[in-house]
K.L.:
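First the structure, then my questions, so here it is.
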Amino acid sequence: MEREAPLATRMRPRTLDDFLGQEEIVGPGRLLRRAIEADRLSSAILWGPTGSGKTTLARVIAERTQAHFEQLNAVTSGVADIRRVLAEANDRLGMHLQRTIVFIDEIHRFNKAQQDALLPAVEDGTIILIGATTENPYFEVNSALVSRSHLFNLKPLGDRELGILIDRALADRERGLGQYKVGLTAEARQHLVQMANGDARVLLNALELAVLTTPVSDGRRLIDLGVAAEAIQRKALQYDKNGDQHYDVTSAFIKSMRGSDPDAAIYWLARMIYAGEDPLFIARRVVICAAEDVGMADPQALVVANAALQAVHAIGLPEGRIPLAEAVVYVATAPKSNSACLAIERALADVEAKKVGGVPIHLRDASYRGAAKLGHGVGYRYAHDYPGHYVDQQYLPENLEGSRYYEPTEQGEEAAIARRLQRLRDKRA
């Protein structure tokens with residue numbers, strides 16, 4: 001089974017000295033390394049992207065510890081499995097004074113009830129929990145478990161570490177591909193490293209596929225750029241639609257449009273499209289940005305953004321990426337003003353905090369039965385009957401008279417609005 005396992009599994013490091021990357025966590029003298037070497041682990045959560053070494057690190061711990069090691073996968077295990085492991089751990093501790101380390105891969109996939117089942121055993125020391133997750137544990141793991149565990153954030157592997165992995169795999173005749181006499185061009189090597197995007201598993205699986213499918217020529221298997229590109233195909237972006245990358249990339253996308261950087265905004269748009277994000281979700285974010293951040297500086301931005309939303313709804317992808325890109329560029333390059341956004345927030349604050357004033361009687365509706373007899377609408381002056389289609393009269397409730405919510409900026413088209421509004425306000429003064 002070990003011989004037939006994928007290369008990424010066969011090449012897993014067996015010792016801390018062979019472990020690549022994560023120097024700030026398992027480098028010499030670091031907390032986790034000292035705990036592993038002294039076999040004095042406490043509960044921990046390993047958080048990082050796929051292929052960063054979470055499961056490998058757990059296997060290294062299993063090799064070094066004198067404690068009993070149990071492994072569960074949150075996808076295939078249920079509450080019954082948890083209860084069995086906990087009962088056995090309790091017996092083992094009581095009868096043999098042997099600790100139990102329970103490694104749970106993809107712990108974020110356990111629901112709240114399953115995670116709660118672990119809590120008493122973690123709290124009283126019956127088990128030492130090691131959880132691995134690709135998602136932010138502060139969102140996906142019960143706060144009680146997080147507070148009782150050390151949190152270690154693993155990073156994607158760097159190009160140097162990925163290059164070392166390639167060299168090890170090609171040189172190792174027992175577990176790797178050393179028996180195949182592989183020739184790897186510099187261009188192919190660089191492409192594999194770049195497209196693996198920090199994921200050791202993606203890198204080694206692509207390398208193995210390239211080697212095994214390449215015929216022998218002149219006593220060796222030559223992996224050139226074409227073979228490498230075919231083997232690794234598309235970059236496997238770390239992008240869970242319900243996870244950190246979804247929120248982080250979306251945040252970068254919106255902030256790039258707000259910051260008037262069309263190049264960055266288009267890049268993040270491409271990242272989301274490439275990763276399979278819902279195009280309507282993207283389009284709605286553009287509409288929001290057009291209203292919130294461009295606003296009155298260029299009211300046409302909202303029209304363009306909404307048109308893109310309708311176009312994407314009608315035609316979908318891949319063609320929908322073009323109106324999306326057009327709207328993103330328009331919003332990113334438009335002058336910016338959040339005055340309308342601030343205006344509604346100020347008004348909402350007054351609605352919530354201040355006395356709710358009555359509608360001035362001259363503004364009330366006089367059309368329904370009996371309203372005219374109550375004086376509704378009496379004294380109302382019709383703006384179009386006056387010069388410049390403007391007449392000064394009270395529009396706010398009496399207790400809010402004089403309040404200002406909309407303060408125009410001097411950005412873009414809003415500068416003209418600001419001048420006109422100031423003239424009108426001067427007349428009221």
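Along the sequence shown, residues carry numbers from 1.
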K.L.:
CZ of Phe69 to OG1 of Thr100: how many Å apart, nearest 0.5 Å?
P.N.:
11.0 Å
K.L.:
Which atoms form the tightest heavy-atom contact between Leu222 and Val227, and what is the distance?
P.N.:
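For Leu222 and Val227, the tightest heavy-atom pair comes out as O-CG2, 4.5 Å.
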K.L.:
Without swapping roles, check the side chain of Ser149 against the backbone of Leu151 for a donor-acceptor pair under 3.5 Å.
P.N.:
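No, Ser149 side chain to Leu151 backbone: no donor-acceptor pair under 3.5 Å.
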K.L.:
Using the test ring-ring contact (aromatic ring centres under 6.0 Å, His included), find all partners of His389 that sit at least two apart in sequence or belong to another chain.
P.N.:
His384
K.L.:
If every non-hydrogen atom of Val328 is compared with every non-hydrogen atom of Ala265, which pair is closest and at what distance?
P.N.:
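Minimum heavy-atom separation between Val328 and Ala265: CG1-CB, 3.6 Å.
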K.L.:
Can you confirm whether the side chains of His68 and Glu70 place a donor and an acceptor under 3.5 Å from each other?
P.N.:
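Yes.
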K.L.:
Under the side chain to side chain contact (heavy atoms under 4.5 Å, CB included) rule, what do His376 and Asp365 come out as? Steps first, then yes or no, please.
P.N.:
CA-CA 6 Å; His376 290 192; Asp365 184 10; 5.9 Å; no
K.L.:
In Å and rounded to the nearest 0.5 Å, what is the CG to OG distance from Leu46 to Ser52?
P.N.:
8.5 Å
K.L.:
Can you see whether Ser260 engages Lys336 through a side-chain donor-acceptor pair at a distance of less than 3.5 angstrom?
P.N.:
yes
K.L.:
Using every non-hydrogen atom in the two residues, find where Leu86 and Ala117 come nearest and quote the distance to one decimal.
P.N.:
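It is CD1-O, 3.3 Å.
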K.L.:
Would you please test Val122 and Ile127 for side chain to side chain contact (heavy atoms under 4.5 Å, CB included) and show each step?
P.N.:
CA-CA 6 Å; Val122 171; Ile127 66 168; 4.0 Å; yes
K.L.:
Would you find a donor on one side and an acceptor on the other, under 3.5 Å apart, between the side chain of Ser403 and the backbone of Leu400?
P.N.:
yes
K.L.:
Any donor and acceptor pair, going by atom type alone, linking the side chain of Asp172 with main-chain N or O of Arg175 inside 3.5 Å?
P.N.:
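Side chain of Asp172 to backbone of Arg175: a pair is present.
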K.L.:
A quick test of your reading: do over 12 heavy atoms of other residues, nucleotides or ligands sit less than 6.0 Å from CD of Glu326?
P.N.:
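No, CD of Glu326 has 12 or fewer neighbouring heavy atoms, counting only those of other groups under 6.0 Å.
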K.L.:
Would you call Glu106 and His108 a side-chain contact if the rule is heavy atoms closer than 4.5 Å?
P.N.:
yes
K.L.:
With heavy-atom distances below 4.5 Å as the criterion, would you say the side chains of Leu7 and Leu177 are in contact?
P.N.:
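A side-chain contact exists here, since the closest heavy-atom pair is under 4.5 Å.
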K.L.:
Looking only at non-hydrogen atoms, find the nearest pair between Arg168 and Leu20 and report the distance.
P.N.:
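Here Arg168 and Leu20 meet closest at NH2-CD2, 3.7 Å.
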K.L.:
Check this for me: Glu401, atom CD, are more than 12 non-hydrogen atoms of other residues, nucleotides or ligands nearer than 6.0 Å?
P.N.:
yes
K.L.:
So that I can tick it off, tell me whether Glu63 and Arg59 are bridged by a salt bridge, with the cut-off set at under 4.0 angstrom between side-chain N and carboxylate O.
P.N.:
no
K.L.:
Under a 4.0 Å threshold between the charged nitrogen and the carboxylate oxygen, would Glu407 count as salt-bridged to Arg425?
P.N.:
yes
K.L.:
Within the distance-only criterion (no hydrogens, no angle test), does the side chain of Arg109 pair as donor or acceptor with the backbone N or O of Val75 below 3.5 angstrom?
P.N.:
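Between the backbone of Val75 and the side chain of Arg109 there is no qualifying donor-acceptor contact (under 3.5 Å).
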K.L.:
Is there a side-chain contact between Thr134 and Pro49 (heavy atoms, below 4.5 Å)?
P.N.:
no
K.L.:
Between Asp350 and Lys355 (salt bridge meaning N to carboxylate O under 4.0 Å), is one present in this structure?
P.N.:
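No, this pair does not count.
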K.L.:
Looking at side-chain heavy atoms only, is the closest gap between Tyr330 and Val286 below 4.5 Å?
P.N.:
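No - every pair of side-chain heavy atoms lies 4.5 Å or more apart.
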K.L.:
Checking Thr409 against Glu414 for the side-chain hydrogen bond (donor to acceptor under 3.5 Å, both in side chains) test, could you report, in this order, the C-alpha distance in whole Å, the side-chain angles of both residues, the deciding distance, and whether it holds?
P.N.:
CA-CA 6 Å; Thr409 70; Glu414 196 170 25; 2.7 Å; yes
K.L.:
Tell me yes or no: between the side chains of Asp261 and Ser256, is some donor less than 3.5 Å from an acceptor?
P.N.:
no
K.L.:
Determine which pairs satisfy side-chain hydrogen bond (donor to acceptor under 3.5 Å, both in side chains) with at least one residue from residues 18-28, sequence neighbours left out, and list them in order.
P.N.:
Thr15-Asp18
K.L.:
Where is the tightest heavy-atom contact between Val391 and Ala383, given as atom of each residue plus distance?
P.N.:
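Closest approach of Val391 to Ala383, heavy atoms only: CG1-CA, 4.0 Å.
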K.L.:
Check this for me: does any side-chain nitrogen of one of Asp39 and Arg99 sit under 4.0 Å from a carboxylate oxygen of the other?
P.N.:
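Yes, this pair counts.
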K.L.:
List the steps and the verdict of side chain to side chain contact (heavy atoms under 4.5 Å, CB included) for Ile101 and Leu41.
P.N.:
CA-CA 9 Å; Ile101 296 175; Leu41 276 173; 4.1 Å; yes
K.L.:
In the structure I gave you, are the side-chain heavy atoms of Arg284 and Asp278 within less than 4.5 Å of one another anywhere?
P.N.:
yes
K.L.:
Look up atom CZ in Arg189 and atom CG in Leu207, then write down how far apart they are to the nearest 0.5 Å.
P.N.:
10.0 Å
K.L.:
Salt bridge check, Arg34 against Glu37: does any charged N sit closer than 4.0 Å to a carboxylate O?
P.N.:
no
K.L.:
Please round to the nearest 0.5 Å and tell me the distance separating atom CD1 of Ile107 and atom CH2 of Trp47.
P.N.:
14.5 Å
K.L.:
Any sub-3.5 Å donor-acceptor pair from Gln115's side-chain atoms to Glu140's backbone N or O?
P.N.:
yes
K.L.:
CD1 of Ile223 to CD1 of Ile166: how many Å apart, nearest 0.5 Å?
P.N.:
11.0 Å
K.L.:
Is it true that a side-chain atom of Arg201 and a backbone atom of Ala8 form a donor plus acceptor pair closer than 3.5 Å?
P.N.:
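No, because the side chain of Arg201 does not come within donor-acceptor range (under 3.5 Å) of the backbone of Ala8.
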K.L.:
I'd like to check Leu302 versus Val294 (side-chain heavy atoms, cut-off strictly below 4.5 Å). Are they in contact?
P.N.:
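No. Closest side-chain heavy atoms not under 4.5 Å.
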K.L.:
Specify the closest pair of heavy atoms between Ala231 and Leu209, including all atoms of both residues, with the distance to one decimal.
P.N.:
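Between these two residues, the closest heavy atoms are O-CD2, 3.8 Å.
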K.L.:
Taking Val359's backbone N and O only, do any of them form a donor-acceptor pair with Arg364's side chain (distance below 3.5 Å, no angle check)?
P.N.:
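The answer is yes, because a donor-acceptor pair under 3.5 Å joins these two groups.
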K.L.:
Taking 4.0 angstrom as the limit, do Asp248 and Arg271 come out as a salt bridge?
P.N.:
no
K.L.:
Can you find a side-chain donor-acceptor pair between Asp224 and Thr185 that sits under 3.5 Å?
P.N.:
no
K.L.:
Within the side chain of Arg221, is there an N or O that forms a donor-acceptor pair under 3.5 Å with the backbone of Pro215?
P.N.:
no
K.L.:
For Arg420, does the CZ atom have more than 12 heavy-atom neighbours from other residues, nucleotides or ligands under 6.0 Å away?
P.N.:
no
K.L.:
How long is the straight-line distance from CZ of Arg14 back to CZ of Phe19, given to the nearest 0.5 Å?
P.N.:
15.5 Å
K.L.:
Contact between Ile36 and Thr65 at the side-chain level, heavy atoms closer than 4.5 Å - yes or no?
P.N.:
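No. Closest side-chain heavy atoms not under 4.5 Å.
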K.L.:
Please evaluate residues Met257 and Asp293 with respect to the criterion side chain to side chain contact (heavy atoms under 4.5 Å, CB included), reporting the C-alpha separation (whole Å), side-chain torsions for both, the decisive distance (0.1 Å), and the verdict.
P.N.:
CA-CA 9 Å; Met257 286 191 292; Asp293 297 306; over 6 Å; no
K.L.:
Is His150 reaching over with its side chain to a backbone N or O of Leu31, donor-acceptor style, under 3.5 angstrom?
P.N.:
no
K.L.:
Verify, without hydrogens or angle tests, whether Glu413 (side chain) and Ala297 (backbone) share a donor-acceptor contact under 3.5 angstrom.
P.N.:
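Checked: no pair found.
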K.L.:
Would Arg148 and Ser43 count as having a side-chain donor-acceptor pair, cut-off 3.5 Å?
P.N.:
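The answer is no; no qualifying pair exists.
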K.L.:
Using the six-membered ring of Phe281, assess whether NZ or CZ of Arg285 lies under 6.0 Å from its centre and within 45 degrees of the ring axis.
P.N.:
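Positive - Arg285 is close enough to the ring of Phe281 and near enough to its axis.
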K.L.:
Heavy atoms, side chains only, cut-off 4.5 Å: are Phe253 and Ile282 in contact?
P.N.:
yes
